[in-house]
Amino acid sequence: MNLKIMLAAAFLPVAVLAGAPAQAKVIDQSEIGFTVAHTAQVAATPEDVWKMLRMPQKWWSKDHSWSGDPANFWLDSQAGGCFCEKLPDTGKGLGSVQHARILFAKPDEMLRLSGAFGPLQGEALTGTLTIQIKETPTGAAIRFDYIVGGYMRFKVPEIAPAVDKVIGEQLIGLAKALGGSLPPTRAEKAAADEAGEGDKPAPSEKTESGLDDAMADLLADPPKPDEAAKENEAPE
């Protein structure tokens with residue numbers, strides 16, 4: 001199948017997303033790769049988030065599967081374990097797909113996987129998805145960072161936003177499976193409004209030096225339990 005057709009088939013269904021996480025962006029890109037990040041807060045404990053992470057069949061989108069049925073997903077959450085998918089028998093025997101391999105698993109805190117998802121799998125790429133979980137006053141904060149690098153036949157400026165939407169959809173699915181994302185606080189909304197395009201750092205600047213720093217933007221002003229409830233009840 002033509003690469004452009006594969007890209008359209010795999011990524012265009014998520015061009016319009018509802019209920020997106022509060023923060024999502026292509027953090028960085030160059031000729032050899034890119035980084036995307038998505039964050040959300042949920043009213044669930046880190047333990048519950050970890051349990052759900054281990055069941056991709058409950059939250060990973062069927063639109064980004066090879067079989068079209070999320071029931072065929074499974075994940076072995078130990079180092080070296082597989083995030084894989086069964087392919088139904090079409091008369092020639094059962095098939096399977098490895099979406100990613102587990103690199104790091106720390107229950108209730110972090111899961112890191114190595115894999116080039118979807119049509120990226122056919123390229124000479126390395127993809128690293130780091131999923132972080134942090135406890136908050138209202139439940140848990142979740143962050144997805146996906147870093148892709150290597151040689152590919154896609155143009156980075158075209159593929160990076162598409163992959164960004166796909167990764168964002170998976171976090172949306174995870175949040176929904178946990179009861180839905182908490183709305184941003186008024187302070188977070190105000191900060192987002194004040195931070196215009198001119199306030200963004202240059203691509204060469206290093207703004208995230210470690211795992212804790214990577215969560216700092218999400219945890220700087222977490223919603224209080226009563227404030228989150230008011231945001232849910234009050235009309236915009």
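Ser114 approaches Leu103 most closely through the heavy-atom pair CB-CD1, 3.6 Å. Nearest heavy-atom pair across Val156 and Gly33 is CG1-O, 3.8 Å. Listed here is the closest heavy atom pair of Val26 and Ala160: CG2-O, 4.1 Å. Taking both residues in full, the closest heavy atoms of Gln170 and Ser61 are given as OE1-N, 2.9 Å, listed atom of the first, atom of the second, then distance. For the pair Gly122 and Arg153, the tightest heavy-atom approach, listed with the atom from each and the gap, is O-NH2, 3.4 Å. Contact record, Ile102 with Gln78: CB-O, 3.2 Å, taken as the closest heavy-atom pair.
Take Pro157 and apply the side chain to side chain contact (heavy atoms under 4.5 Å, CB included) test, not counting sequence neighbours, and it matches Gln29, Lys155.
Looking at heavy atoms from C-beta onward, Val97 lies in side-chain contact with Leu87 at the 4.5 angstrom threshold. With a 4.5 Å cut-off on side-chain heavy atoms, Ile27 and Asp145 count as touching. Looking at heavy atoms from C-beta onward, Leu53 lies in side-chain contact with Ile133 at the 4.5 angstrom threshold.
Sorted by first and then second residue, the disulfide (SG to SG under 2.5 Å) pairs with a member in residues 85-174 form an empty list; sequence neighbours excluded. Sorted by first and then second residue, the ring-ring contact (aromatic ring centres under 6.0 Å, His included) pairs with a member in residues 118-148 read Phe117-Tyr146; sequence neighbours excluded. For the salt bridge (charged side-chain N to carboxylate O under 4.0 Å, His left out) condition, no pair includes a residue of residues 70-88, sequence neighbours left out. Identified under the disulfide (SG to SG under 2.5 Å) test for residues 39-149, with sequence neighbours left out: Cys82-Cys84. Within the structure, salt bridge (charged side-chain N to carboxylate O under 4.0 Å, His left out) pairs that include any residue of residues 88-107 comprise Lys106-Glu109 (at least two apart or interchain).
If you take CG on Leu129 and CZ on Arg112, they are separated by 9.5 Å, rounding to the nearest 0.5 Å. With rounding to the nearest 0.5 angstrom, the CG atom of Leu111 is 11.5 Å from the CD atom of Gln132. Note that OH of Tyr151 is 7.5 Å distant from CD of Glu123, once rounded to the nearest 0.5 Å. From Leu171, atom CG reaches atom NE2 of His38 across 7.5 Å, with rounding to the nearest 0.5 Å. Atoms CG and OG1, on Asp164 and Thr35 in that order, are 11.0 Å from each other to the nearest 0.5 Å.
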**OP:** Kindly determine whether Leu120 and Phe154 satisfy side-chain contact (heavy atoms from CB on, under 4.5 Å), including the steps that lead there.
**Re:** CA-CA 9 Å; Leu120 300 182; Phe154 299 120; 4.0 Å; yes
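Both Leu113 and Met55 belong to a single network of hydrophobic side chains, linked directly or stepwise wherever heavy atoms of I, L, V, M, F, W or Y lie under 4.5 Å apart.
Remark: the Thr39 side chain and the Arg143 side chain contain no N/O donor-acceptor pair separated by less than 3.5 Å.
Of the options Trp66, Trp59, Phe83, a ring-ring contact (aromatic ring centres under 6.0 Å, His included) to Phe73 is made by Phe83 and by none of the others.
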